[in-house]
Structure formats: structure tokens, C-alpha cells
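We number each residue from 1, following the sequence as shown.
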Amino acid sequence: MHETGPTLLLHDGFLLLGFALVFVLLFRRLGLGATLGYLVAGAVVGPQVLGLVGDAESKLGIAELGITLLLFIVGLELSPARLWRMRRDILGLGLLQVAACGLAVAGVIALSTGFSAAAALALGLPLALSSTAQVLPMLQSSGRLKTPFGERAFAILLFQDLSIIPLITIVAALSRNPADAGGPPGWLLALYTVGAVAGLFAAGRFLIRPLFRLIGNLGEREMFVVAALFTVIAAAALMEALGLSTALGAFVAGVVLADSPYRHELEADVEPFRSILLGLFFLAVGMMLDLGAIAERPLFVAGMAAMLIAVKTVVILLIGLACRMTWRSALALGVLLSQGGEFGFVLFAQAQNAWLIAPEAASLFSAIVTLSMATTPFLMAATRRLREEPIHKAEEREGPRAEGANAIVIGYGRFGQTVAQMLMASNIPVTLIDTDIEMIDVAGEFGAKVYFGDGTRLDLLRQAGAAEAELILFCMDGDQLTPEMIHEIHQAFPRAALYVRAFDRRTVIQLKDAPMNGIVREVLESAVVMARQALEEMGVSAEGINRAEALYRASDRHRLKAQVESGDIRTARERIITEPAGEKPGERE
């Protein structure tokens with residue numbers, strides 16, 4: 001009896017997730033990255049090897065939503081200020097790398113194989129793209145993401161992510177598919193594109209942002225997830241209805257919201273869906289690999305992978321030298337970006353649908369990309385002594401100022417505003433997070449950029465740059481933190497010093513075992529200041545005021561220490577000053 005419907009879905013989901021879990025963990029352990037793990041898991045579980053799961057085409061159709069969500073998140077990262085600061089590296093290095101590497105690889109393919117010029121171009125341009133999913137974790141783990149070298153690599157990867165949209169357009173223009181030929185003329189598509197982009201920007205400003213503001217005021221966090229997915233899918237559906245790239249729609253939707261207070265919350269909410277669907281995409285690609293065709297031509301696959309790595313390394317090395325990088329840094333950049341990338345799979349599928357390449361060629365070149373990705377960790381290790389330059393202390397502090405602030409302040413009320421302003425007065429970059437929409441709007445009127453989100457969530461803190469932050473300061477109203485929360489945050493971001501605003505001494509007692517660098521009762525210091533002013537008004541001498549403050553602080557400190565040790569708020573009640581000491585004001589000895 002054949003399985004159908006929900007039973008088949010559960011069966012396939014169980015097998016795909018199970019194999020993905022095993023292979024991704026194994027490949028992560030070997031330092032080869034999650035992408036390769038997904039691809040191999042898909043090949044093993046698919047019809048070519050074990051034959052446990054089929055119908056890869058339908059799964060690929062669903063999983064392509066992962067690519068759409070990836071472009072949305074890329075758009076969210078592109079605030080105008082950041083784009084302007086990185087414009088030279090993005091438009092200079094990025095454009096030069098994609099064009100030069102793409103044309104060079106296409107030329108080698110055309111000369112060494114029987115592919116037509118159009119087919120070679122449809123294969124060569126996608127091979128110019130590198131793997132963002134593989135390179136960024138390598139930069140993070142080596143501590144070079146925030147250095148000038150890491151910023152250049154990131155700028156190139158950013159341009160590569162953006163270039164998928166014009167590359168899809170180029171493949172469509174080269175199409176031999178009669179269905180594509182019967183579509184609207186190019187000038188009309190261009191008009192559609194401009195109109196759709198303008199419409200998305202208008203919708204973002206007058207519909208989407210007010211929608212998120214309403215949801216934030218209502219406090220319905222789960223509706224943020226629904227609204228975020230609705231925004232992405234609606235933008236993609238609009239583009240699809242006009243015969244344009246769905247990825248373009250998602251990307252524009254991200255850019256529209258990149259400078260909004262909801263950016264970090266949206267990234268944190270969409271990221272799990274993107275990760276799962278992108279993993280399913282790579283699983284489906286692995287299932288669709290024609291292992292028979294690859295087995296028939298293993299030397300071709302290995303040789304083309306070696307060609308790809310060599311050509312991209314040399315071209316990027318020359319570009320780096322032309323941009324006045326040292327030869328070691330230029331070589332490191334070339335080796336780091338020498339592999340093919342995940343967007344290659346998308347563009348190969350586009351080229352196949354456009355009748356530019358056969359399905360066997362798509363499988364062969366997908367295998368070439370996979371093999372090139374597998375070599376990068378080994379090449380980086382093998383060339384370490386040759387390419388590595390010492391990172392100077394001054395260089396470690398350079399890098400993108402908009403990325404990963406030195407301090408994150410959660411809660412921008414009356415307490416957080418003072419903390420944040422004092423930090424910024426000392427020239428320390430600060431990221432501000434709060435959940436109060438009205439306060440965020442008011443702060444914006446005064447020039448402060450406050451992001452919407454729950455700052456106790458690990459995923460949101462990670463999106464806000466907590467992994468690189470030196471300080472995380474919890475300045476929220478009320479008694480919202482628990483020892484478990486602080487332990488989790490400390491374990492996730494051990495580099496950051498944690499400071500907590502405590503509602504009262506009960507909060508201090510509750511958090512006594514939490515790994516904090518400091519805890520401050522919110523009204524203690526202001527109450528002391530008011531008492532000093534009152535004593536001054538009463539004519540007490542400065543010496544007497546200081547003596548009274550010292551007596552109170554000593555009594556309070558000893559009482560709090562005893563309360564923390566016992567866990568009982570009633571401990572050391574006798575230390576509370578409940579009556580005048582008997583002396584005249586300012587005359588205590």
C-alpha cells in the first residue's frame with residue numbers, strides 16, 4: 001500500500017531531517033560547513049543512492065522560498081549609511097571580481113569544452129560567485145570579520161549576493177526556451193521592474209511600517225512572524241505576477257525595512273525559516289544530482305573544479321594587488337573566495353529551464369561547485385604560512401562601525417537614556433533596543449536610532465551584534481530578568497560584560513548567582529542625591545552630609561549582603577535606620 005498525503009510528508013520529513021542532522025553535524029565537525037553536509041545528505045537519501053525519498057522537484061519548488069528569504073535578509077543588512085560607507089569596496093572590488101572571474105571562467109569553459117558561447121556564459125558567470133554561507137563563518141571563527149581584510153571580503157560577498165538579480169536577467173535574455181521568447185519585450189520588463197520597485201517602496205513606507213508599528217503596540221510577538229513572512233511572500237508574488245525575479249521582490253522588501261526600528265526583530269523572526277528552507281533547498285539539490293553522469297566523467301569534474309579554484313584565486317589576487325593590497329592579503333582573499341557558491345545551483349537551474357544547458361551539465365557543474373567548496377578549508381590550512389600576516393592591535397579595532405556595536409543597551413527609558421548617552425559621550429558605539437513603540441518614535445524625533453525587539457532573546461541579541469560587543473547593559477523597567485536568562489546570555493556571548501538594572505533589593509537577591517559584572521538598584525543613587533539636597537537645605541554641613549551618607553551606605557551594604565546570603569528579604573532588619581540618632585543635624589560623631 002502506497003503512502004499518500006500527510007503520511008508521506010511525515011515519512012519524507014523524518015528521513016530528510018534525520019539524514020541532514022547526521023551529515024551536517026559530521027561535516028561541521030570536520031570543518032567542511034553545513035552546506036556540503038546538506039548536499040551529501042540529499043544525495044545519499046535520494047533516488048541515486050538509497051532511494052528513500054523521491055520527488056525532489058516538488059521539494060525544490062518549496063525550498064526555493066529559502067533563497068527568497070535569504071535575499072530578504074541581505075536586503076535588511078543594507079542600510080543606506082552602511083551602503084554609502086562601503087560603496088567603493090562594493091562597487092569597485094565586488095563588480096570587478098564578479099565580472100573578471102565570470103568572464104575568465106566562461107572563456108576557459110568555452111575553449112576547453114564543446115559548449116556554445118551562451119552556455120559557457122550561463123555557466124561561467126554563476127561560478128564567479130562564492131559561498132557566503134561558508135566564507136562568513138570562517139572569517140568569524142578566525143576573528144578577522146571586523147578587520148579591513150574581512151570588510152573587503154564581506155563587500156565582495158555582498159555584491160555577489162546582489163548580482164544574482166542581474167545574472168538571472170542575463171540568463172533570461174540568453175534563453176532559447178520558446179515560452180520565454182513569448183514573454184513581454186525587454187523594455188516592458190524594465191518598465192515593470194521600475195514600477196514594481198517604486199510600488200514596493202511606497203507600500204513599505206505607507207503600509208508595512210504602520211502595520212509593524214500596530215503589531216508592536218499590541219504586543220503580539222507571534223504576529224511579527226506572520227507579518228514578516230507575509231511581507232516577503234507578497235513582494236515575491238508581485239514580482240512573479242509581472243514575470244520578474246521573486247528574489248528581486250524579497251530583496252527590495254528587505255531594503256525598504258533596513259532602516260526601520262524593526263530590523264533586528266525581523267531578522268531574528270525570519271532567520272529560522274530561512275535556515276530550514278535553505279537547508280531543504282540544498283537537500284533537494286543533492287537529491288537531484290545525477291551521480292551516474294558524474295561517475296562517468298570524474299576527471300572532468302575534478303579538472304574543472306581545479307580550474308575554477310585556480311582561475312578565481314589568480315584573478316582575485318591580481319585585483320587585490322591592483323587595489324594596493326599586500327600580496328599576502330590579496331592571496332588570502334583569492335583562496336578564501338576561490339570556491340563556487342550556493343547561488344550557482346539557482347542559476348544552473350535557471351540556465352537549464354532556459355534551454356541553455358542540459359540537465360546532465362547542470363548536475364556536472366553542481367558537482368564542480370560542491371567539490372570546490374569542499375577544498376576551501378583544506379586550502380586555507382595549507383596556505384596559512386604563505387598568506388597569513390600578523391594582525392596588529394590597531395587593525396583589530398578597525399572595521400564596519402555600523403556592524404556589532406561595542407555596547408548594546410536594552411531598554412531606552414529614563415534609565416537607559418542616561419547610560420547610553422554617557423557611553424556615547426565617551427565615543428563608544430551603542431546599539432539601542434526597546435519594545436516600546438511610542439518611545440522608539442519619540443526617540444527618533446530627537447535623532448536616536450532605537451531598534452524594536454525583545455533584548456532578552458539570544459537570537460535577537462546575536463542579530464544585533466552581541467557576539468562582538470564588549471558590553472551588554474540591561475536597563476529595562478521592572479523585574480524581567482531571571483538567573484537562567486543571564487546564564488544563557490553569558491554562555492552565548494562570553495566576551496561581553498553584563499550589567500543589570502535591578503528593580504529593588506529583591507531583584508538583587510534573586511539574581512545573586514547570575515554571572516554579572518555589575519548590578520545597580522534603579523532608584524538608589526537618585527534617592528541618595530535627593531537626601532543630600534534635603535540635608536543641605538536643612539543647614540547640615542558638608543561633613544555631616546557625607547557622614548550621614550556613609551552611615552546609610554554601610555548599613556545598606558551589610559544588610560544587602562546578609563539578605564543575599566540568606567535569600568530572605570527580612571534578614572538583618574535591625575540594621576534599618578528607623579529613628580533619628582538623637583544628635584542635632586550634622587553633629588553626629
Passing candidate, side chain to side chain contact (heavy atoms under 4.5 Å, CB included) with L129, options L157, L337, V98, V369: V98

Non-hydrogen atoms of A253 and A235 that approach each other most closely: CB-CB, 4.0 Å

Output every pair passing side-chain hydrogen bond (donor to acceptor under 3.5 Å, both in side chains) with a member in residues 99-122, not counting sequence neighbours, ordered by first then second residue. S116-R176

Looking only at non-hydrogen atoms, find the nearest pair between F23 and G37 and report the distance. CB-O, 3.5 Å

For L460 and G453, which heavy atoms make the closest approach, and how far apart are they? CD1-CA, 3.6 Å

Test side-chain contact (heavy atoms from CB on, under 4.5 Å) applied to L229 - qualifying residues, sequence neighbours left out: L69, V225, F273

Heavy-atom side-chain contact between L347 and L125 under 4.5 Å: no

Using ring pair (Phe, Tyr, Trp, His ring centres under 6.0 Å) as the criterion, list what pairs up with F212, not counting sequence neighbours. F224, Y262

Could you measure the distance from the CG atom of L364 to the CZ atom of F348? Nearest 0.5 Å is fine. 10.5 Å

Report the residues that fulfil salt bridge (charged side-chain N to carboxylate O under 4.0 Å, His left out) with D459, sequence neighbours left out, ordered by chain and then residue number. R457

With heavy-atom distances below 4.5 Å as the criterion, would you say the side chains of L167 and V171 are in contact? no

CG/L95 to CZ/F159 distance, rounded to the nearest 0.5 angstrom? 4.5 Å

Residues in side-chain contact (heavy atoms from CB on, under 4.5 Å) with V45, at least two apart? L15, L16, F19, L52, V53, M287

Does L93 have any side-chain contact (heavy atoms from CB on, under 4.5 Å) partners at least two apart in sequence or in another chain, and if so, which? D89, R152, I156, I319, C323

Can you list, pair by pair, the side-chain donor-acceptor contacts under 3.5 Å of residues 100-110, counting residues two or more places apart and other chains?
none

Atom CG of L21 and atom OH of Y38: how far apart are they, to the nearest 0.5 Å? 8.5 Å

So, taking the atom named CZ in R209 and the one named OG1 in T231, what distance separates them when rounded to the nearest 0.5 Å? 12.0 Å

What closest approach, in Å, do F115 and A120 show between heavy atoms, and which atom pair accounts for it? CB-N, 4.3 Å

What's the spacing between L336 CG and S131 OG if we round to 0.5 Å? 10.0 Å

So do V226 and I215 actually touch side chain to side chain, heavy atoms under 4.5 Å? no

Nearest-0.5 Å distance, CG of residue L379 to CD1 of residue I309: 5.5 Å

Pair V315-Q97, side chain to side chain contact (heavy atoms under 4.5 Å, CB included): steps then yes or no: CA-CA 8 Å; V315 171; Q97 183 274 322; over 6 Å; no

If a pair satisfies side-chain hydrogen bond (donor to acceptor under 3.5 Å, both in side chains) and one of its residues is in residues 304-322, list it, with sequence neighbours excluded. S130-K312

Donor-acceptor pairs are to be reported for all side-chain atoms of residues 194-201 against protein atoms at under 3.5 Å, with residues two or more places apart or in another chain.
none

According to side-chain hydrogen bond (donor to acceptor under 3.5 Å, both in side chains), does anything in residues 330-341 pair up with another residue at least two apart or in another chain? List the pairs. Q339-T376

Using a 3.5 Å distance criterion without hydrogens, assess whether the side chain of Q350 forms a donor-acceptor pair with backbone atoms of A122. no

Looking at I357 and A361, what are the two nearest heavy atoms and their distance? CB-CB, 4.1 Å

